[in-house]
A.B. asks: 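To start, I am sharing the structure in question, which I have written as structure tokens.
So that the names make sense, note that chain A is the first sequence line, chain B the second, and so on, each numbered from 1.
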There are 2 protein chains.
Amino acid sequence: MKKQNVTSADVARLAGVSRSTVSRCFKSDSRISDVTRKRVIEIADQLGYQVNKLARSMSTKESDLVGLVSSGLHDPFAVILVDKLISTLQKMGLHPILLDASNEKQLDISIKKLAQYQVKSIVITSGSPSSSIGAKFINRDIPVILLNRAGQLDQANLINCDNQKGAMLAAQALIDAGHTKLAFINSSFSTFSGVSRRDFFEQTLALKASAGDVTLEKINVEETGYQAGYKAALKTLSQQDHATGFFCATDNIAFGFMDAARYEMGKKIPDDVSVIGFDDLPLSARPTYDLTTIKQCPNNLAKAVAECINGIDTTSERIRKIIPVSLIKRKTIAAPPYQQL
Amino acid sequence: MKKQNVTSADVARLAGVSRSTVSRCFKSDSRISDVTRKRVIEIADQLGYQVNKLARSMSTKESDLVGLVSSGLHDPFAVILVDKLISTLQKMGLHPILLDASNEKQLDISIKKLAQYQVKSIVITSGSPSSSIGAKFINRDIPVILLNRAGQLDQANLINCDNQKGAMLAAQALIDAGHTKLAFINSSFSTFSGVSRRDFFEQTLALKASAGDVTLEKINVEETGYQAGYKAALKTLSQQDHATGFFCATDNIAFGFMDAARYEMGKKIPDDVSVIGFDDLPLSARPTYDLTTIKQCPNNLAKAVAECINGIDTTSERIRKIIPVSLIKRKTIAAPPYQQL
DNA sequence: TAAATCAATGCACACGTTTGCTCAAAATTT
DNA sequence: AAATTTTGAGCAAACGTGTGCATTGATTTA
């Protein structure tokens, strides 16, 4: 009992023109007299006619559809990023099909289907899809954009926030405050961003260490996000001679760390321990945490993706883009406590 | 320089069969000899052939695409809900196209495009799209599902959490603790859920009020979410004889309320004021808040949507579904302080 | 005024599937 | 062995649109 779709033929008949003319009325470039166009559009509206994009795509071999794969919306920064991505794409007239990558098996199936929809491009945010899957897309000439994610794929376009600069700023901030016993907190299921930050952090310290001596403890916990930070605090702060300056791979981890430090271990922040995060989530600015952190701007990341998608047609070059970060000073870093005489 | 798509004709040629046969090999129902099917599929795999869903949809007039409109991912509960929706739909072999409804104008355009993609159904989560838009879809026989949202549209399918029960439980909890001066906190840009909870809260109190006397203050603030709660606390707690039992329309509002109450107004929770929220966000269980709240289960909501989408083919009846809620007792409700002798 | 240019529109094929109908061969029944 | 049913597979039309080419009438140029 489905109502028959109203098609271009219908409006053509009513307008007394050919289907071609109707078709051209809905594209900007074609030369159609203003008077005809106006009449046709009017009749189309009246009939409730809508272009069938599926048919159009088939004919033009182009599509407004974009695949957007994210490993669930559990990580708060991922949420903000996806949100920005969606609205940015929408403004460009592109339509994202979302894919959940939490379940690797499901993902494998679904990602294939994405190709079946002839998506214009596929953007993979930090998460777990195996690189072999991305390769499949490249085989079919569907451009792949890796966002804040490892770049195993040679042919993919890469967009990353400046983890190196961020890690450097974090190191600098802790050292400037006088800390010498530092630690890096992360989940052992960490994403590319996490290990990248750790490596650059370590690297920066190695440079500084020549001046004074600075120790670095690398802590990985078999949890993710908030829970990882929580567990990490329990573990490390119970030790006799624990570190005093903590760089958490993400703000979310920092929240867990702070909560456990305060409520379970009775530590004061920043009096007893200093903490710095990465992301600058909205929650970080709230009085509960007031977290000093490295800000990466989702807007700029989204903008870069947009430019990348548009640019892909024109250039065959793979794009490599680094998005700047900055230090946001709040209230979780202070001088280390006066400990041993 | 686009690589030519490999089509069913290509695999047909190589397999020495007709296109029809290839087509039927990828559908379950048709009668094709096992040996042919196996050979065809093998060749298809080898060629990297993928069904072109656009073409298929055009032929079958069916689509795996589903429109999912949400007013941005700012509200934390919305995020969880959307997340569950995406993974649930994915499991069903459906592909959600996400639409951001924050910007009403953009939305109007984008939602039209959704129809152009011949979506199987469109689900609108709590948010702002005008009801007239929904009506457009119904005109085109695209089923509309309203999720936690007002049901102005007669022909739409409705799925809501049990706001009535929730409000009742909240009222009961506060009254049982001994509170008589109650308040309801909400954003003045509130969604349907918010006003619904308020109305049921008031209604429940009216019943109780016959027994003892209970006052209700309704507070609306010109902010949203966390900020609304924050401002509300500043405003109401500065008054001489303020309420002691607060029902916040959402957990997120409750967080703002608690933060302001504690850090700006110097109140202790639950010693000075009691708070109850709605949603049961993960954050509510953390020690920072440990918020007593009404839990609504995103899983069940998503499941209901799934069933609804599936059921729509078979029955022409509009679906009305209420999803149960429950009270989660934590640490933000206690007896009111001993105030006036 | 004849020739050349141009603007507006129609024709018909292409895009990649699905599916009702047809048909031949094989299998089964009488 | 003849008649019937079943099985496997091909033909061709349909889905709704875009677009190169052809056509026609109007306008400009020589």
A.B. asks: If you pin B:Arg39 and B:Met58 to their nearest nucleotides in DNA chain D, which one's is more 5'?
C.D. replies: B:Arg39

A.B. asks: Quick one: label A:Ser23 by what it contacts on the DNA or RNA (base, sugar-phosphate, nothing), any heavy atom closer than 4.0 Å.
C.D. replies: base

A.B. asks: Are side-chain N/O atoms of A:Gln296 and A:Asn148 paired as donor and acceptor at under 3.5 Å?
C.D. replies: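 Looking only at side-chain atoms, A:Asn148 and A:Gln296 do form a donor-acceptor pair, the distance falling under 3.5 Å.
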
A.B. asks: Taking only residues two or more places apart in sequence, or in another chain, which ones meet A:Asp64 in a salt bridge (charged side-chain N to carboxylate O under 4.0 Å, His left out)?
C.D. replies: A:Lys53

A.B. asks: What is the distance, to the nearest angstrom, from the CZ atom on B:Arg24 to the P atom on C:dC21?
C.D. replies: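 After rounding, the reported distance stands at 13 Å.
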
A.B. asks: With respect to the phosphate group of D:dT7, does any side-chain polar atom (N or O) of B:Arg31 fall under 4.0 Å of OP1 or OP2?
C.D. replies: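 No, B:Arg31 has no side-chain N/O under 4.0 Å of OP1/OP2 on D:dT7.
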
A.B. asks: Which part of the nucleic acid, if any, lies within contact of B:Thr36, taking any heavy atom under 4.0 Å across all strands shown: a base, the sugar-phosphate backbone alone, or nothing?
C.D. replies: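 Sugar-phosphate only.
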
A.B. asks: Nearest-Å distance, CZ (B:Arg37) to P (D:dG8)?
C.D. replies: 10 Å

A.B. asks: Does a side-chain N or O from A:Ser59 land closer than 4.0 Å to OP1 or OP2 of C:dC15, or not?
C.D. replies: no

A.B. asks: Consider the side chain of B:Ile32, meaning its heavy atoms from C-beta on, and name the nucleotide among D:dA9, D:dG18, C:dT18 that approaches it most closely.
C.D. replies: D:dA9

A.B. asks: Remember a base hit wins even if backbone is also touched, and classify A:Val17 as base, sugar-phosphate or nothing at under 4.0 Å, heavy atoms.
C.D. replies: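 Here A:Val17 touches the backbone only, sparing every base.
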
A.B. asks: Whole Å only: how far is the CZ atom of B:Arg13 from the C1' atom of D:dA9?
C.D. replies: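 Rounded to the whole Å, the gap is 18 Å.
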
A.B. asks: Could you tell me the separation between the NZ atom of A:Lys38 and the C1' atom of C:dA8, rounded to a whole number of Å?
C.D. replies: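 It is 19 Å, rounded to the nearest whole Å.
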
A.B. asks: Grab the CG-C1' distance between B:Asp64 and C:dT17 for me, whole Å please.
C.D. replies: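 Whole-Å distance recorded here is 14 Å.
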
A.B. asks: Do the ring centers of B:Phe26 and B:Tyr49 come within less than 6.0 Å of each other?
C.D. replies: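 Yes, the ring centres sit under 6.0 Å apart.
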
A.B. asks: Within the distance-only criterion (no hydrogens, no angle test), does the side chain of A:Arg39 pair as donor or acceptor with the backbone N or O of A:Ala15 below 3.5 angstrom?
C.D. replies: yes

A.B. asks: Whole Å only: how far is the CG atom of A:Leu54 from the C1' atom of D:dA14?
C.D. replies: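 One finds 16 Å between C1' of D:dA14 and CG of A:Leu54, rounded.
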
A.B. asks: Under 4.0 Å between any heavy atoms, over every strand shown, what does A:Thr7 touch: base, sugar-phosphate, or nothing? Just pick one.
C.D. replies: sugar-phosphate

A.B. asks: Just the rounded figure in Å: distance from P of C:dG16 to OH of B:Tyr49.
C.D. replies: 10 Å

A.B. asks: The side chain of A:Arg19 is closest to which nucleotide in this list: C:dG10, C:dT18, C:dC13?
C.D. replies: C:dC13

A.B. asks: Between C:dT17 and B:Ser8, is there an OP1 or OP2 to side-chain N/O distance shorter than 4.0 Å?
C.D. replies: yes

A.B. asks: In this structure, how many angstroms lie between the P atom of D:dG18 and the CD atom of B:Gln116, rounded?
C.D. replies: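 Computing the B:Gln116:CD to D:dG18:P distance gives 10 Å.
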
A.B. asks: Given D:dG16, is OP1 or OP2 found less than 4.0 Å from the side-chain N or O atoms of B:Tyr117?
C.D. replies: no

A.B. asks: Does B:Ser20 make a side-chain N or O approach to OP1 or OP2 of D:dG10 shorter than 4.0 Å?
C.D. replies: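 Indeed not, no polar side-chain atom of B:Ser20 lies that close.
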
A.B. asks: Are A:Ser23 and A:Ser20 close enough, and set up right, to give a side chain to side chain donor-acceptor pair (under 3.5 Å), and what steps lead you there?
C.D. replies: CA-CA 5 Å; A:Ser23 169; A:Ser20 319; over 6 Å; no

A.B. asks: Has B:Gln90 got a side-chain atom pairing as donor or acceptor with A:Asp100's backbone, closer than 3.5 angstrom?
C.D. replies: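 Between the backbone of A:Asp100 and the side chain of B:Gln90 there is a qualifying donor-acceptor contact (under 3.5 Å).
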
A.B. asks: Under 4.0 Å between any heavy atoms, over every strand shown, what does A:Ser33 touch: base, sugar-phosphate, or nothing? Just pick one.
C.D. replies: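 If one applies the 4.0 Å heavy-atom cut-off, A:Ser33 turns out to touch the sugar-phosphate alone, with no base involved.
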
A.B. asks: Considering non-hydrogen atoms only, spot the tightest contact between B:Cys161 and B:Ile322 and give its length.
C.D. replies: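 For B:Cys161 and B:Ile322, the tightest heavy-atom pair comes out as C-CG2, 4.4 Å.
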
A.B. asks: Respond yes when some side-chain nitrogen or oxygen of B:Lys61 is under 4.0 Å from OP1 or OP2 of D:dA14, and no when none is.
C.D. replies: no

A.B. asks: For the helix from C:dT1-D:dA30 to C:dT30-D:dA1, figure out the bend between the end axes, five pairs an end, and round to 10 degrees.
C.D. replies: 40°

A.B. asks: Which residues pass the ring pair (Phe, Tyr, Trp, His ring centres under 6.0 Å) test with A:Phe77, sequence neighbours left out?
C.D. replies: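 Partners of A:Phe77 under the ring pair (Phe, Tyr, Trp, His ring centres under 6.0 Å) test: none.
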
